[in-house]
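Residue numbers start from 1 in every chain, and the chains themselves are labelled A, B, ... in the order their sequence lines are given, proteins ahead of strands. No experiment lies behind these values; they were computed from the predicted model shown.
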Number of protein chains: 2
Amino acid sequence: MNNKPNLQTVRNYLLQLQDDICENLASVDGGDGFLEDSWERDAGGGGRSRVLEDGVVFEKAGVNFSHVHGEQLPGSATAARPELAGRGFEALGVSLVIHPRNPYVPTSHANVRFFLAEKPGESPVWWFGGGYDLTPYYGFEEDAIHWHRTARAACEPFGDNVYAKYKQWCDEYFFLKHRNEPRGIGGLFFDDLNQWGFDRSFAFMQAIGNSYLDAYLPIVEKRKEIAYGERERDFQLYRRGRYVEFNLVYDRGTLFGLQSGGRTESILMSLPPLVTWRYDWQPEPGTPEAELYDKFLVPRDWIQG
Amino acid sequence: MNNKPNLQTVRNYLLQLQDDICENLASVDGGDGFLEDSWERDAGGGGRSRVLEDGVVFEKAGVNFSHVHGEQLPGSATAARPELAGRGFEALGVSLVIHPRNPYVPTSHANVRFFLAEKPGESPVWWFGGGYDLTPYYGFEEDAIHWHRTARAACEPFGDNVYAKYKQWCDEYFFLKHRNEPRGIGGLFFDDLNQWGFDRSFAFMQAIGNSYLDAYLPIVEKRKEIAYGERERDFQLYRRGRYVEFNLVYDRGTLFGLQSGGRTESILMSLPPLVTWRYDWQPEPGTPEAELYDKFLVPRDWIQG
């Protein structure tokens with residue numbers, strides 16, 4: 001087992017992952033594809049932002065690579081070890097949010113990241129984090145099962161309880177306290193991963209990064225042609241409000257980006273293209289919209305056996 | 001000078017202010033008027049929320065009265081005296097945000113509030129806060145001047161520097177750091193006001209509350225019939241995104257409400273009805289949209305002499 005962190009290898013993997021994901025999404029979309037913006041950060045580092053707007057299948061898809069370094073690690077970067085806040089750091093990651101046009105296709109988010117926190121005279125501390133989660137507007141049990149089965153398969157080589165642990169962490173993390181409501185049907189979330197040593201931890205991050213498309217694309221393909229009308233569109237725009245609320249009020253990655261002087265347009269690329277807020281709206285009981293709340297936005301084990 | 005805080009008198013004033021403001025706004029709107037929801041909070045207190053949605057002039061107008069008490073004052077309630085955090089408290093206020101339909105009519109926000117922080121064996125600590133600010137989509141110098149002149153006139157009886165001080169505080173408070181951009185053309189913001197004694201401080205809060213309609217309605221009347229098209233509407237929806245970003249990332253009142261277990265639907269009534277986010281959008285130089293950034297979203301003294 002090799003415990004020495006190799007930043008360049010992680011960087012190369014992340015750039016390749018961004019390429020693979022964009023290529024596949026652009027191919028499914030069938031439109032003009034992604035625009036790329038490379039940027040540099042005054043305080044150090046930079047990134048490669050890619051955005052697809054107003055596509056055929058995807059109304060907005062943002063897939064960001066960033067590699068920033070700074071002199072003071074913000075507290076939002078590591079909840080588990082607040083004593084590291086204030087250290088010099090390097091942070092590398094790929095982060096993406098996909099907002100499809102058709103309300104029957106769920107929104108998805110994925111992120112894989114690597115942190116290195118340094119202090120003169122002490123050994124560097126490093127860790128991996130990441131995961132993915134799914135946010136349907138109209139729920140399909142078989143899609144939720146497929147999503148979680150793919151997540152579990154990616155975790156399986158790393159131990160029997162890995163999926164269960166990171167599935168639960170995801171449920172806890174993607175939760176809107178002020179709504180008492182999960183963001184969606186969850187998936188995986190992990191952070192502060194270093195206990196397996198560098199090689200194995202890095203392999204796990206790759207397993208998560210590499211399985212995202214396997215988890216998401218079959219669902220996109222299956223739902224993207226379903227006919228919908230104003231009612232479904234209205235519900236989608238309303239539910240997108242929850243996504244905005246989560247990302248701006250709770251999301252650690254968003255807050256880390258804004259606090260660390262990140263590139264605002266890249267960070268807020270996660271926000272949906274068109275959103276509504278309606279006062280105190282509730283779905284009518286017995287409708288497909290109510291079913292989302294009753295059957296999907298509740299803690300559930302999506303796979304048994 | 002009477003320094004003894006009279007909570008019931010403040011409460012009565014605030015309920016009357018909510019009535020006056022709603023009556024006037026409904027009259028200008030000419031539609032179905034406000035719906036009212038009274039609510040109680042599990043942890044203590046309650047409120048009277050009023051919302052006008054899909055009106056003729058106003059696309060969404062929320063005017064809230066709330067009176068909550070709790071056992072632990074959240075840190076967001078007083079930035080100036082963090083030592084009060086954790087005390088028992090009462091918080092009363094009226095808070096409103098108006099989102100007009102016509103992009104030539106600016107969005108406005110006003111708030112007046114009273115806090116009482118108590119601790120067994122110690123004298124209660126009280127203070128007033130409040131203010132109002134204006135967020136145009138298309139700028140009119142005469143409107144900005146009228147808005148600030150009205151604010152200054154309300155402050156004048158309370159001292160020569162009162163307007164200047166609270167105008168500057170407003171500029172500092174309603175600022176989106178991650179955009180390096182003010183929310184609008186400002187107005188007044190004050191907090192932790194108790195140095196004038198209770199009677200005079202309360203009179204000041206009333207002067208601010210009472211002058212809000214004088215500041216806002218003439219601007220609404222002057223701009224509400226201007227013809228507009230898709231271009232102006234698109235710009236309005238895009239700029240509304242900044243309002244969401246400010247309220248969810250920075251606004252102390254919103255964070256106080258969410259942290260203190262407030263009523264989510266009332267707190268988030270401030271969010272616009274329909275919003276867009278576009279990646280890295282910039283107005284074309286020389287357009288009216290660019291003028292908003294160049295001439296209005298900059299620190300300015302709107303009234304000289």
Side-chain angles (χ1 to χ4, degrees), chain A residues 34-37 39 42 49-54 59-64 97 99 176-181 234 237-238 240-251 254-282, chain B residues 34-37 39 42 49-54 59-64 97 99 176-181 234 237-238 240-251 254-282:
Chain A
F34 284 83
L35 289 178
E36 179 177 305
D37 264 344
W39 50 275
D42 288 346
S49 295
R50 293 199 183 139
V51 64
L52 184 162
E53 283 186 301
D54 218 10
E59 200 170 328
K60 189 174 176 189
V63 183
N64 287 316
V97 174
H99 294 287
L176 289 84
K177 286 194 267 306
H178 66 282
R179 301 279 188 186
N180 193 30
E181 199 181 280
D234 284 350
L237 300 192
Y238 172 78
R240 281 177 176 174
R242 299 292 207 274
Y243 221 83
V244 176
E245 291 173 23
F246 183 85
N247 283 13
L248 295 184
V249 176
Y250 301 108
D251 186 58
T254 303
L255 298 177
F256 170 76
L258 297 176
Q259 287 170 11
S260 64
R263 184 173 180 261
T264 294
E265 287 293 341
S266 300
I267 298 161
L268 299 185
M269 210 188 260
S270 66
L271 299 180
L274 186 66
V275 187
T276 59
W277 275 274
R278 270 179 275 170
Y279 175 71
D280 208 20
W281 184 83
Q282 309 283 349
Chain B
F34 284 83
L35 289 178
E36 180 177 304
D37 263 345
W39 51 275
D42 289 345
S49 295
R50 292 199 184 140
V51 65
L52 186 162
E53 284 186 300
D54 217 10
E59 200 170 328
K60 188 173 177 192
V63 183
N64 287 317
V97 173
H99 294 287
L176 289 85
K177 286 194 265 308
H178 65 284
R179 300 280 189 185
N180 193 30
E181 201 181 279
D234 284 351
L237 299 192
Y238 172 77
R240 282 177 175 173
R242 299 293 207 274
Y243 220 83
V244 176
E245 292 174 21
F246 184 85
N247 282 14
L248 295 184
V249 176
Y250 301 108
D251 187 58
T254 303
L255 298 178
F256 170 76
L258 297 176
Q259 288 171 10
S260 64
R263 183 172 181 264
T264 295
E265 287 293 341
S266 299
I267 298 162
L268 299 185
M269 211 189 259
S270 66
L271 300 180
L274 188 65
V275 187
T276 59
W277 274 275
R278 271 178 274 170
Y279 174 71
D280 208 19
W281 184 83
Q282 308 283 349

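- Shown here are the side chain to side chain contact (heavy atoms under 4.5 Å, CB included) partners of Ser270(B), two or more places apart in sequence or in another chain: Val97(B), Asn247(B).
- If you take CG on Leu176(A) and CG on Leu258(B), they are separated by 10.0 Å, rounding to the nearest 0.5 Å.
- Contacts with chain B were tallied for Leu268(A), Leu35(A), Leu237(A); Leu268(A) has the most, counting heavy-atom pairs under 4.5 Å.
- Note on Asp280(A) versus Arg263(B): salt bridge recorded, some NZ/NE/NH1/NH2 to OD/OE distance being below 4.0 Å.
- Both the backbone and the side chain of Leu274(A) come within less than 4.5 Å of a heavy atom in chain B.
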Could you go step by step and tell me if Trp277(A) and Lys60(B) meet the side chain to side chain contact (heavy atoms under 4.5 Å, CB included) rule? CA-CA 10 Å; Trp277(A) 275 274; Lys60(B) 188 173 177 192; 3.7 Å; yes
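- Only the side chain of Val51(A) comes within contact range of chain B, with heavy atoms under 4.5 Å apart.
- At a 4.5 Å heavy-atom cutoff, Thr254(A) makes no contact with chain B through either its backbone or its side chain.
- Under the side-chain hydrogen bond (donor to acceptor under 3.5 Å, both in side chains) criterion, Arg50(B) pairs with Asp19(B), Glu36(B), not counting sequence neighbours.
- A pairwise comparison of heavy atoms in Arg179(A) and Glu265(B) identifies NH1-OE2, 2.7 Å as the closest pair.
- The backbone N or O of His178(B) lies less than 3.5 Å from a partner atom in the side chain of Thr264(A), making a donor-acceptor pair.
- Looking at Val275(A), Leu248(A), Leu271(A) one by one, the single match for side chain to side chain contact (heavy atoms under 4.5 Å, CB included) with Val244(B) turns out to be Leu248(A).
- In this structure, the separation between OH on Tyr279(A) and CG on Asp37(B) is 3.5 Å, given to the nearest 0.5 Å.
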